[in-house]
Amino acid sequence: MTTDHIVTRFPPSPTGYLHIGGARTALFNWLFARQRGGKFILRIEDTDKERSSDQATRAILESMEWLGLDWDEGPYFQSERYDIYTSYIERLIEAGQAYHCHCSPEELDIRRAEAKAKGLKPKYDGKCRELGLGPAPGSVVRLKTPQWGETQFNDMVKGAITFNNDELDDLILKRSDGSPTYHMAVVADDISLGVNYIIRGDDHVNNTPRQILIYKALGEPIPQYAHVPMILGPDKTRLSKRHGATSVLAYRDMGYLPHALINSLARLGWSHGDQEKFSREELIQKFSLENVGKSAGVFNAEKLLDLNAYYIREAADENLAVLLPPFLKGLGIEAPEEKKLKGAASTLKARSKTLVEMAESALFYFQDQVKYEENGDKKFLKPDVLDLLNDLNGSLKKMSDFNHAELEKLFITFLDEKKIKLGKVAQPLRVALTGKTVSPGIFEVMDVLGKEEVSARISRAIDHIKAKA
RNA sequence: GGUCCCAUCGUCUAGCGGUUUAGGAUACUGGCCUCUCACGCCGGAGACACGGGUUCGAUUCCCGUUGGGACUACCA
């Protein structure tokens, strides 16, 4: 499998957190490489010193790790690879494919404005193209792009795309401060790292012919391209902070499971018939660029929430018990008991859409003194249930095996003796035990709480009712 | 403005000329289950942007219109 040499990469620029659009691009590259036994490289594009930060880099790596998108090589940092770019630029100049240009940005602005006024394209006019100039302070290096003909490539998701070369101008390869521009750095990196499949957002479609021209000038083989459609916000514009949570880490903090996000991202733009749920292994096995759609899509947060709820209720209690403490801590529960954590997970997993929600619902298990919800208190903790609770508590205290099955048996006899229905005791009991009118099944709750605590909570409710009267 | 890309229920999508009364998911909604709330199960409403072709036959192919998006920097 390792013989087919597929190399993909994900090259975020560390100008902010990893957002879900970037995460999906990373996922597609990762899936493609994993499926074909190839290599997945992580590269940090930090050539813009002004906007890059270490903090952003750390957030990106943390996001990738949380999602489980492991990389085989890197992270490479472009800022540490300037020698490589310089050597490629030298190669281009020596081959006569690039030239030094002495035009200043100010001159360029003026000439561009003039061209525009005349209704011409505002591209570089080629003034220094044939002058044979050498390097000078403030000069840049430009690619000598063909002035006629066309550049075509066969995109793996969009099909054949053609550009007229006269639409492209002599783009700058090396800035006046000696640093490489984006196009130069990307191409040099992808060549030197052996990247042969470039899967990226379709905002790069227009950049592709420029980069292909650099490959051609260098005489290097052109990689395969796959441009995946963008992810849009609910208002159908490019996803941004305005649209609320877009950061991968934000979803982690909101109590989402990494796999729910992965599954959701995979299904945004890609499909496999009618299937909605995929395990990680299934994604690797079934992913294909051919089934990536061509049109941009709106990120559906509701569907992600539903998937998250699904994966939570499918998860093993032990796993959830491990994930829960950080969220409980945020609610003031410092050292939750292991047994209760599992109990909470088991009884709450069908009722929680996120781990945050689960932690909130689980609070009553860990509080000694549950706070009675106002409505429940008023409606169910009334003097007329005093005898019922008292008698019940008496019977419960006599139990030797305090578990779900035994409790159910005891209640059948108890209800029979009292000639009442379960509904009559369940709600008052629920409020007594959990403080709320909504909770997991009453037998499950008692099972998790254990005999001592159940009894103590009932006694406390009885005292509370008496105190009210 | 120019260039490039895109267009099926609100949203994500299946569909790759006839098998379609256009399927699934989500959200919404009616019911069942039931100790509350969920879960689960059954049902409902909801889409091929428009106009021309091509064809015996277009959601599917071609062209145009409209709409949306991207790019157009010594940002990435």
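Given the structure is predicted, the values throughout are model-derived calculations rather than measurements. The chains referred to below are lettered A, B, ... by the order of the sequence lines, with proteins before strands, and numbering in each begins at 1.
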Determine the contact category for A:Arg267: base if any of its heavy atoms lies under 4.0 Å from a base atom, sugar-phosphate if only primed atoms, P, OP1 or OP2 are that close, otherwise nothing. base

Winner on side-chain proximity to A:Ala350, out of B:C6, B:G40, B:A38, is B:A38

How long is the line joining CD of A:Glu444 and P of B:U36, in whole Å? 13 Å

For the side chain of A:Ser295, starting at C-beta, report the closest nucleotide among B:C74, B:A7, B:C12. B:A7

What's the closest nucleotide to the side chain of A:Val205 if the choices are B:C4, B:U13, B:A73? B:C4

Below 4.0 angstrom from OP1 or OP2 of B:A14, is there any side-chain N or O of A:Ser271? yes

Per A:Asp203 side chain, nearest of listed nucleotides B:A70, B:G24, B:C12: B:A70

Looking just at side-chain N and O atoms, do A:Asp203 and A:His227 make a donor-acceptor pair shorter than 3.5 Å? no

Pairing nucleotide - B:A22, Watson-Crick or G-U, each distance under 3.5 Å: none

Separation of B:G10 atom C1' from A:Phe299 atom CZ, nearest Å, is 16 Å

For A:Pro440, answer base if it contacts any base atom (sugar-phosphate contacts may also be present), sugar-phosphate if it contacts only those atoms, and nothing otherwise; contact means non-hydrogen atoms under 4.0 Å. base

Using a 4.0 Å heavy-atom cut-off, does A:Arg210 contact any base of the nucleic acid, only the sugar-phosphate backbone, or nothing at all? sugar-phosphate

A:Lys303 (side chain) and B:C12 (base): donor-acceptor pair under 3.5 Å: yes

A:Leu268 has a side chain; which of B:A76, B:G24, B:C12 sits nearest to it? B:C12

Atom pair distance, as rounded to whole Å: CZ in A:Phe380 and C1' in B:U36: 8 Å

In terms of heavy-atom contacts, A:Pro234 and A:Val298 come closest through CA-CG1, 3.7 Å

Basic-acidic side-chain contact under 4.0 Å: A:Lys418, A:Asp391: yes

Using whole Å, report how far CG of A:Asn164 lies from P of B:C5. 12 Å

Where the side chain of A:Ser13 is concerned, which of B:U11, B:U36, B:A76 is the nearest nucleotide? B:A76

Interface with RNA chain B, restricted to residues 40-57 of chain A and to heavy atoms under 4.0 Å: A:Glu45, A:Thr47, A:Asp48, A:Arg51

At 4.0 Å (heavy atoms only), tell me whether A:Cys103 reaches a base, stays on the sugar-phosphate, or touches nothing. base

Would you kindly give the CG-to-P distance between A:Leu213 and B:U3, to the nearest whole Å? 19 Å

What's the CZ-C1' distance between A:Phe163 and B:G2, to the nearest Å? 12 Å

Distance, P atom - from B:U8 to B:A45, rounded to whole angstrom: 23 Å

Suppose we define a pair by two distances each less than 3.5 Å, Watson-Crick or G-U wobble; what does B:C61 pair with here? B:G53

Pairing partner of B:G1, by Watson-Crick or G-U wobble and under 3.5 Å for both distances, is B:U72

For atom NZ of A:Lys424, decide whether the heavy atoms of other residues, nucleotides or ligands shown that lie under 6.0 angstrom number more than 12. no

Can a donor-acceptor pair under 3.5 Å be found between the side-chain atoms of A:Arg351 and the base atoms of B:C37? yes

Honestly, is A:Arg9 close enough over A:Phe40, meaning NZ or CZ under 6.0 Å from the six-membered ring centre and within 45° of the axis? no

Mark yes or no for a side-chain to base donor-acceptor pair under 3.5 Å between A:Arg430 and B:C35, with no hydrogen or angle criteria applied. yes

Enclosure of A:Gln55 CD (heavy-atom neighbours >12, cutoff 6.0 Å): no

Report which part of the nucleic acid A:Thr237 touches: base, sugar-phosphate, or nothing (heavy-atom distance under 4.0 Å, all strands). sugar-phosphate

Using a 6.0 Å distance limit plus a 45 degree cone around the ring axis, check whether A:Lys277 lies over the aromatic ring of A:Tyr310. yes

Using the closest heavy atom to pick a nucleotide of RNA chain B for each, name whichever of A:Ile161 or A:Gln427 lands nearer the 5' end. A:Ile161

Taking N and O atoms by type only, does the side chain of A:Ser176 place a donor or acceptor under 3.5 Å from a partner on the base of B:C74? yes

Between atom CD in A:Glu167 and atom P in B:U3, what is the gap in whole Å? 6 Å

Tabulate below the donor-acceptor pairs under 3.5 Å that side-chain atoms of residues 285-292 of chain A make, not counting sequence neighbours, or state none.
{"unit_1": "A:Lys286", "atom_1": "NZ", "unit_2": "A:Gln275", "atom_2": "OE1", "d": "3.2"}
{"unit_1": "A:Lys286", "atom_1": "NZ", "unit_2": "A:Glu282", "atom_2": "OE2", "d": "3.3"}
{"unit_1": "A:Ser288", "atom_1": "OG", "unit_2": "A:Asn291", "atom_2": "N", "d": "3.4"}
{"unit_1": "A:Ser288", "atom_1": "OG", "unit_2": "A:Asn291", "atom_2": "ND2", "d": "3.0"}

Closest listed nucleotide, where the reference is the side chain of A:His183 and the choices are B:A76, B:A27, B:U11: B:A76

Within the structure shown, what part of the strands sits under 4.0 Å from A:Gly297 by heavy-atom distance: base, sugar-phosphate, or nothing? sugar-phosphate

Considering every strand and a 4.0 Å limit on heavy-atom distances, what is the contact class for A:Thr162: base, sugar-phosphate, or nothing? sugar-phosphate

Closest approach to the side chain of A:Asp202, judged atom by atom: which nucleotide of B:A14, B:C5, B:U11 is it? B:C5

Just checking A:Gly269: base, sugar-phosphate only, or nothing, at a heavy-atom cut-off of under 4.0 Å? sugar-phosphate

How would you label the contact of A:Glu302 with the nucleic acid (heavy atoms, under 4.0 Å): base, sugar-phosphate, or nothing? base

Provide, to the nearest angstrom, the distance between the CD atom belonging to A:Gln211 and the C1' atom belonging to B:C71. 12 Å

Answer yes or no: is there an ion pair linking A:Glu114 with A:Arg111, defined by an N-O contact shorter than 4.0 Å? no

Between B:C12, B:G2, B:U26, which one does the side chain of A:Asp306 approach most closely? B:U26

Closest listed nucleotide, where the reference is the side chain of A:Met230 and the choices are B:G69, B:A76, B:A38: B:G69

Within 45 degrees of the ring normal and closer than 6.0 Å to the centroid, is that where the cationic atom of A:Arg430 sits relative to A:Phe380? no

Does A:Asn206 make a side-chain donor-acceptor contact with the base of B:A70, cut-off 3.5 Å? yes

